[in-house]
Amino acid sequence: VIGFIGLPRSEVPVIRPTVNSDVDELISIATGTAAFKPFEIEVLRELLEDYLAKNEDGHVAVTLELGGKIVGFAYFAPTPMTDRCWHLYWIFVMKVNQARGLGSVLLKYVEDEILAAEGRLLLIETSGVASYEPTRQFYLKHGYEWAATIRDFYTDGDDQIIFRKRLH
Ligand SMILES: CC(C)(COP(=O)(O)OP(=O)(O)OC[C@H]1O[C@@H](n2cnc3c(N)ncnc32)[C@H](O)[C@@H]1OP(=O)(O)O)[C@@H](O)C(=O)NCCC(=O)NCCS
């Protein structure tokens, strides 16, 4: 249990491995954030199904619960062909529960797990569009460096931003 010490039990966030029965709720929560395009939601479903069918290569999916209800998700993995570099591929919190510190709890958990696995570097790729400004602020607030901008990566006018944090 990842604690918010002093809070009633129902308000203590819990992070646990993602299981098959989470998938539909996670898809619905991801859709509800309005942060992801329909094809990205499809990719998320495929990724979850593949991960749950045969987890390989040290990938990790975790579900965040509050008061017994699913409210968030993170997915991270070692980056192939690198020396202990990791990528955080997905992180989201249910829209109505955003800005309450839950994303920070998830991100800290991810960093601690990667540190425990002797990870050296954590990279996060995100979008440069205006609607992602709160997301970019979230990473900057947590000590991530704006390491690169690849202009027009996702499509014309939608840059890829790569955030980087040294863990070890
Ligand atoms: C990004 C995200 C995971 C952060 O989780 P969170 O629980 O909202 O974040 P926290 O409460 O721990 O941190 C809040 C800080 O993050 C930023 N932030 C990010 N999203 C925010 C939102 N929707 N509302 C308010 N602040 C937000 C702000 O800088 C805020 O700092 P402040 O409280 O000093 O203003 C979550 O907002 C989310 O799911 N967003 C949509 C999906 C997304 O963008 N995922 C990342 C794709 S790369």
Side-chain angles (χ1 to χ4, degrees), residues 1-7 10-16 18 22-48 51 59-79 85-114 119 121-155 157-165 167:
V1 173
I2 308 303
F4 279 177
I5 294 164
L7 289 178
S10 61
E11 291 291 321
V12 176
V14 172
I15 296 173
R16 56 160 178 80
T18 299
D22 296 346
V23 172
D24 287 345
E25 183 62 11
L26 289 175
I27 294 294
S28 149
I29 291 170
T31 306
T33 65
F36 307 110
K37 301 184 182 85
F39 83 84
E40 292 172 318
I41 298 288
E42 264 320 295
V43 168
L44 175 63
R45 184 180 285 282
E46 283 164 24
L47 170 132
L48 282 167
Y51 169 81
H59 288 219
V60 184
V62 289
T63 296
L64 173 75
E65 282 188 359
L66 192 64
K69 292 211 170 76
I70 298 175
V71 292
F73 175 72
Y75 188 95
F76 52 103
T79 312
C85 181
W86 288 64
H87 265 78
L88 176 60
Y89 288 111
W90 286 87
I91 183 166
F92 57 79
V93 169
M94 185 186 265
K95 185 95 180 150
V96 295
N97 287 293
Q98 288 175 8
R100 296 175 59 194
L102 292 169
S104 302
V105 170
L106 256 180
L107 189 58
K108 175 80 173 58
Y109 177 89
V110 169
E111 292 175 359
D112 287 349
E113 287 295 295
I114 295 173
L121 217 57
L122 178 52
L123 298 189
I124 305 172
E125 296 170 9
T126 191
S127 163
V129 295
S131 61
Y132 268 72
E133 176 61 20
T135 299
R136 294 190 294 274
Q137 286 304 321
F138 173 73
Y139 298 132
L140 290 169
K141 243 169 229 172
H142 288 88
Y144 287 77
E145 170 201 353
W146 187 312
T149 303
I150 302 178
R151 277 189 290 135
D152 300 327
F153 178 81
Y154 296 108
T155 186
D158 188 348
D159 302 343
Q160 181 188 59
I161 315 297
I162 303 176
F163 286 99
R164 167 191 187 274
K165 187 172 190 174
L167 298 177

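We use all heavy atoms of the structure for the numbers below, so side chains are in, but hydrogens, waters and symmetry mates are not. Whatever order the structure lists ligands and atoms in, that order sets their numbers, starting from 1.
Qualifying ring pair (Phe, Tyr, Trp, His ring centres under 6.0 Å) partners for Tyr51, counting only residues two or more places apart in sequence or in other chains: Tyr75.
The protein heavy atom nearest to atom 9 (O) of ligand 1 is Phe138 CE1, 3.6 Å. Counting only heavy atoms of the protein, atom 17 (C) of ligand 1 lies nearest to Pro134 O, 3.3 Å. Here the heavy atom of the protein found nearest to atom 31 (O) of ligand 1 is Lys141 NZ, 2.6 Å. Among all protein heavy atoms, the one lying closest to atom 22 (C) of ligand 1 is Gln98 OE1, 3.9 Å. For atom 44 (O) of ligand 1, the closest non-hydrogen atom of the protein is Thr135 OG1, 2.7 Å.
Contacts of Arg100 with ligand 1, taken as heavy-atom pairs under 4.0 Å, involve the backbone alone. Contacts between Tyr139 and ligand 1, counted as non-hydrogen atom pairs separated by less than 4.0 Å, involve the side chain only.
For Thr33, no nitrogen or oxygen atom sits less than 3.5 Å from a nitrogen or oxygen atom of ligand 1, counting backbone and side chain alike. Residue Thr126 has no nitrogen or oxygen atom sitting less than 3.5 Å from a nitrogen or oxygen atom of ligand 1, judged on distance alone.
Considering Trp90, Tyr132, Phe92 only, the shortest heavy-atom separation from atom 47 (C) of ligand 1 involves Tyr132. Across Ile91, Val93, Leu88, heavy-atom proximity to atom 39 (O) of ligand 1 is greatest for Val93. Of the candidates Ala35, Ala99, Gly103, Ala99 brings a heavy atom nearest to atom 8 (O) of ligand 1.
Ring geometry for His87 against Tyr89 counts as parallel: the plane angle stays under 30°, on a 0 to 90° scale with 60° as the upper cut. Ring orientation note: the planes of Tyr144 and Tyr139 are nearly perpendicular, at an angle over 60° on the 30°/60° scale.
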